[in-house]
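Notes for the one structure printed next.
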Amino acid sequence: MGRTRLSTVVFDAPDAHGLAGFYRRLLGYVVRAEEPDWVLIGPTYGGTALAFETERLYTPPVWPAGPGDQRMMLHLDIEVDDLAEETARAVAEGATLADYQPQEDVRVLLDPAGHPFCLWVHTRHSRRPSRTPQ
C-alpha cells in the first residue's frame with residue numbers, strides 16, 4: 001500500500017469564513033487558502049489542516065442529541081494546559097459552554113456554528129491520549 005496521511009478535516013458551516021476565523025484564533029492557525037465559500041487553515045509548521053465550506057442548508061447538531069435531533073458526525077479534542085483559562089478564551093472568541101459536562105477534566109463547547117468540540121487537560125485519569133508519552 002502506498003503512503004497515506006490525513007491532510008484535512010472539513011466542516012460544513014453557514015459561513016465558512018466566520019467559522020474559519022473562530023478556529024484560526026482559537027488554535028493560532030494561519031489561512032493557507034481561501035475561496036468565496038471555502039477556507040483552509042492550519043498550523044504554520046504544516047500538519048493536519050481544517051477546512052470550512054459554506055453549506056446554505058446547514059443544520060447545527062444538538063449535543064447531547066435526543067431522538068430525531070441532528071447528530072454530530074465528529075468533534076475535535078483539543079488538549080490545553082489550563083482548562084479554565086482556555087475555556088474562558090474560547091467563550092470570549094464566540095464559543096458557548098455546553099449545558100452538559102460529562103467529565104471533570106474536559107469542557108464541551110459549541111463553536112459559533114454549533115459544532116461540539118472538547119477542550120481537555122491531561123490528568124492521571126484522562127481517557128484521551130496525551131501528546132507526550134508518560
Side-chain angles (χ1 to χ4, degrees):
M1 180 167 108
R3 183 180 84 114
T4 62
R5 66 182 173 92
L6 178 65
S7 63
T8 309
V9 176
V10 182
F11 286 88
D12 288 345
D15 173 11
H17 289 271
L19 193 56
F22 167 78
Y23 280 104
R24 185 184 51 74
R25 293 185 306 274
L26 184 70
L27 299 170
Y29 282 10
V30 297
V31 174
R32 291 186 181 170
E34 60 185 313
E35 296 174 6
D37 288 325
W38 181 83
V39 182
L40 178 71
I41 65 171
T44 57
Y45 53 83
T48 303
L50 298 177
F52 304 88
E53 186 168 18
T54 299
E55 172 56 58
R56 307 234 184 282
L57 299 177
Y58 174 77
T59 300
V62 176
W63 191 89
D69 288 338
Q70 173 68 39
R71 297 187 180 281
M72 69 174 169
M73 301 301 285
L74 64 88
H75 71 273
L76 300 178
D77 281 347
I78 302 168
E79 185 179 3
V80 298
D81 293 329
D82 185 316
L83 192 56
E85 180 180 306
E86 292 303 317
T87 298
R89 191 171 71 80
V91 169
E93 291 293 348
T96 303
L97 189 64
D99 291 335
Y100 176 62
Q101 297 295 321
Q103 295 170 248
E104 196 171 304
D105 57 348
V106 175
R107 290 297 166 270
V108 180
L109 295 107
L110 308 175
D111 71 21
H115 299 104
F117 68 96
C118 295
L119 298 180
W120 70 282
V121 63
H122 183 74
T123 67
R124 287 180 346 147
H125 306 291
S126 295
R127 287 188 259 173
R128 287 164 171 76
S130 174
R131 65 181 157 207
T132 55
Q134 299 299 321

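All values derive from a computational prediction rather than experimental measurement. For the single chain, residues carry numbers from 1 onward in sequence order.
- Rounding to the nearest 0.5 Å gives a distance of 10.0 Å between CD of Glu86 and CD of Glu93.
- Considering only heavy atoms from C-beta on, Leu74 comes within 4.5 Å of Phe11 through its side chain.
- Shown here for Ala49 and Ile41, the closest heavy-atom pair between the two residues is CB-O, 3.1 Å.
- Nearest heavy atom pair, residue Thr48 against residue Tyr29, reads O-OH, 4.1 Å.
- Hydrophobic clustering keeps Leu110 apart from Leu76 (ILVMFWY residues linked when any side-chain heavy atoms are closer than 4.5 Å, directly or through intermediates).
- In this structure, the side chain of Arg89 does not engage the main chain of Glu85 through any donor-acceptor pair within 3.5 Å.
- Residue Val108 comes nearest to Pro102 through the heavy atom pair CG2-CD, 3.8 Å, listed as atom of the first residue, atom of the second, then distance.
- A donor-acceptor pair is defined here as one N or O able to donate and one able to accept, closer than 3.5 Å; such a pair exists between the side chain of His17 and the backbone of Pro36.
- Contact between Tyr58 and His115 at its shortest, heavy atoms only, is OH-NE2, 3.2 Å.
- Between Gln101 and Arg107 there is a side-chain heavy-atom pair separated by less than 4.5 Å.
- In terms of heavy-atom proximity, Ala113 sits nearest to Ala13 at CB-CB, 4.5 Å.
- Listed for the Arg5 side chain is no donor-acceptor partner under 3.5 Å among the backbone atoms of Gly47.
- In this structure, Pro43 and Arg32 have side chains that are in contact, with non-hydrogen atoms separated by less than 4.5 Å.
- Of all heavy-atom pairs spanning Ala51 and Trp38, the tightest one is CB-NE1, 3.7 Å.
- Residues Leu26 and Val10 do not share a hydrophobic cluster, clusters being chains of Ile/Leu/Val/Met/Phe/Trp/Tyr side chains in contact below 4.5 Å.
- Taking NE2 from His75 and CZ from Phe117, the interatomic distance works out to 11.0 Å, rounded to the nearest 0.5 Å.
- Atom CG of residue Leu50 and atom CG of residue Leu19 lie 9.0 Å apart, to the nearest 0.5 angstrom.
- A distance of 7.0 Å separates CG in Leu97 from OG1 in Thr87, rounded to the nearest 0.5 Å.
- Looking only at distances, a side-chain donor or acceptor of Glu55 sits under 3.5 Å from a matching main-chain atom of Leu57.
- Partner of Val121 under the side-chain contact (heavy atoms from CB on, under 4.5 Å) criterion, out of Asp82, Asp81, Asp105, Val106: Asp105 alone.
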